[in-house]
Colleague: 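The structure that follows is given in the form of structure tokens.
Indexing begins at 1, ligand by ligand and atom by atom, following the structure's order. One-based numbering along the sequence shown.
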Amino acid sequence: MKSSLLVDVKFDIFGNFDRFRKALPGRQIINWSDLEARPNDLSGIHYALGWKPDEGLFATMPDLKVMFSVGAGVDHMLEDKSLPDLPLVRFVDQSLTSRMSEWICLQCLIHLRQHSLYTRQQKDKLWRDHPQPDAGDLRVGIMGLGILGSDAAAKLKMLGFQVNGWSRTRKTLPGVNCFDESELDEFLACSDILVGLLPLTPQTTGIFNASLFAKLPDTTPIGGPIFINAGRGKSQVEADIISALQDGRLKGVSLDVFEDEPLPQESPLWLIENAVLTPHVASVSDADALATHVAGQIERFEAGLALEYLVDKKTGY
Ligand SMILES: NC(=O)c1ccc[n+]([C@@H]2O[C@H](COP(=O)([O-])OP(=O)(O)OC[C@H]3O[C@@H](n4cnc5c(N)ncnc54)[C@H](OP(=O)(O)O)[C@@H]3O)[C@@H](O)[C@H]2O)c1
């Protein structure tokens with residue numbers, strides 16, 4: 001018997017575990033719920049895949065060699081303070097990257113093309129046109145130029161937007177003005193549409209707040225700055241977003257992630273017209289792609305090759 005994999009996914013996004021059995025033939029695939037039948041025997045599990053594992057669960061697996069995250073982000077995994085000091089591989093896949101770029105491009109176009117305004121007009125059966133700037137008149141600034149941010153940057157360029165990007169270390173991307181950590185204020189001053197694609201770390205917690213929004217341009221070709229976030233909700237201060245929308249500092253927002261998920265019923269965000277909200281679905285991990293990715297990394301590991309997409313636990317992403 002080849003070494004086994006624990007699939008620690010408590011919500012049913014994957015339906016069943018057959019895809020893991022298919023991608024990893026000859027291996028025992030242990031479902032999280034099977035653990036209840038063997039609470040004191042977690043030996044023989046060499047690989048574990050999780051999203052938000054129970055605190056301390058992975059630390060009780062004596063034979064664990066590699067941990068996998070179900071998503072691109074690993075903040076949920078790193079919340080477990082007793083996570084073993086073992087390689088942690090995050091999910092990177094073309095389907096995940098493309099889905100995120102689709103969502104980002106869609107949101108930029110929604111605001112560029114004044115979609116909320118025309119939706120309201122349709123409800124009122126109102127036939128009225130409004131001045132329309134070009135994509136090339138707008139500067140989109142992406143915070144986070146990793147796998148997702150750099151793909152979104154390339155696709156926004158193809159749509160004609162001017163694209164700037166900000167990351168901890170300076171990047172070189174064709175046609176994109178890249179800023180590093182020390183140049184945040186210059187970067188913000190030229191972001192008509194600000195896009196958040198940052199991982200959640202101590203440095204990025206609460207980063208999208210009133211003092212950051214104050215540094216965005218006062219006027220833009222679409223009547224004010226737009227904020228779009230698909231990174232993590234705890235990077236944004238929702239009270240500040242609501243105030244900024246109410247006092248006109250922000251013209252509109254698109255949010256896929258929230259401080260608390262699901263977004264509480266009483267949040268004023270639900271009812272703000274130029275706030276486009278989606279329930280953390282900008283880029284959901286595709287189950288087949290995830291199984292193929294995990295199988296591929298296990299194969300590499302067992303062949304003595306370096307694992308890919310390793311998380312640096314010091315930076316937290
Ligand atoms: N809403 C959804 O459905 C969804 C789906 C997937 C992922 N996500 C989120 O998207 C995030 C980004 O994913 P990814 O694969 O693109 O991550 P990634 O490849 O690790 O890229 C992260 C980027 O953020 C930058 N960064 C991190 N900390 C920073 C800081 N303190 N200051 C400035 N820049 C900083 C990094 O800078 P360097 O390049 O200099 O390291 C890098 O460019 C994930 O962590 C996850 O939270 C959301």
Colleague: For ligand 1, run through the N/O pairs with the protein that fall under 3.5 Å and put one pair on each line.
Modeller:
from: ligand 1; atom 1: 1 (N); to: A230; atom 2: O; distance (Å): 3.0
from: ligand 1; atom 1: 1 (N); to: D256; atom 2: OD2; distance (Å): 2.9
from: ligand 1; atom 1: 3 (O); to: S283; atom 2: N; distance (Å): 3.0
from: ligand 1; atom 1: 3 (O); to: S283; atom 2: O; distance (Å): 3.2
from: ligand 1; atom 1: 15 (O); to: R90; atom 2: NH1; distance (Å): 2.9
from: ligand 1; atom 1: 15 (O); to: R90; atom 2: NH2; distance (Å): 3.2
from: ligand 1; atom 1: 16 (O); to: I147; atom 2: N; distance (Å): 3.3
from: ligand 1; atom 1: 16 (O); to: L148; atom 2: N; distance (Å): 2.9
from: ligand 1; atom 1: 19 (O); to: R90; atom 2: NH2; distance (Å): 2.8
from: ligand 1; atom 1: 19 (O); to: I147; atom 2: N; distance (Å): 3.0
from: ligand 1; atom 1: 20 (O); to: R90; atom 2: NH2; distance (Å): 3.4
from: ligand 1; atom 1: 34 (N); to: R168; atom 2: N; distance (Å): 2.9
from: ligand 1; atom 1: 37 (O); to: R168; atom 2: N; distance (Å): 3.4
from: ligand 1; atom 1: 39 (O); to: K171; atom 2: NZ; distance (Å): 2.7
from: ligand 1; atom 1: 40 (O); to: R168; atom 2: N; distance (Å): 3.4
from: ligand 1; atom 1: 40 (O); to: T169; atom 2: N; distance (Å): 2.7
from: ligand 1; atom 1: 40 (O); to: T169; atom 2: OG1; distance (Å): 2.5
from: ligand 1; atom 1: 40 (O); to: K171; atom 2: NZ; distance (Å): 3.3
from: ligand 1; atom 1: 41 (O); to: Y317; atom 2: OH; distance (Å): 2.5
from: ligand 1; atom 1: 43 (O); to: L145; atom 2: N; distance (Å): 3.0
from: ligand 1; atom 1: 43 (O); to: G146; atom 2: N; distance (Å): 3.1
from: ligand 1; atom 1: 47 (O); to: R232; atom 2: NH1; distance (Å): 3.2

Colleague: Is a donor on one side and an acceptor on the other found under 3.5 Å between the side chain of S101 and the backbone of S98?
Modeller: no
Colleague: Any donor-acceptor pair under 3.5 Å linking the side-chain atoms of Q114 with those of H130?
Modeller: no
Colleague: Tell me, with the steps shown, if L78 and Y317 meet side chain to side chain contact (heavy atoms under 4.5 Å, CB included).
Modeller: CA-CA 9 Å; L78 298 178; Y317 65 94; over 6 Å; no
Colleague: May I ask you to check whether S254 and D256 show a side-chain donor-acceptor distance below 3.5 Å?
Modeller: no
Colleague: Between N229 and G196, which heavy-atom pair has the shortest distance, and what is it?
Modeller: OD1-O, 3.1 Å
Colleague: So which heavy atom on I222 is nearest to which on L112, and how close?
Modeller: CG2-O, 4.1 Å
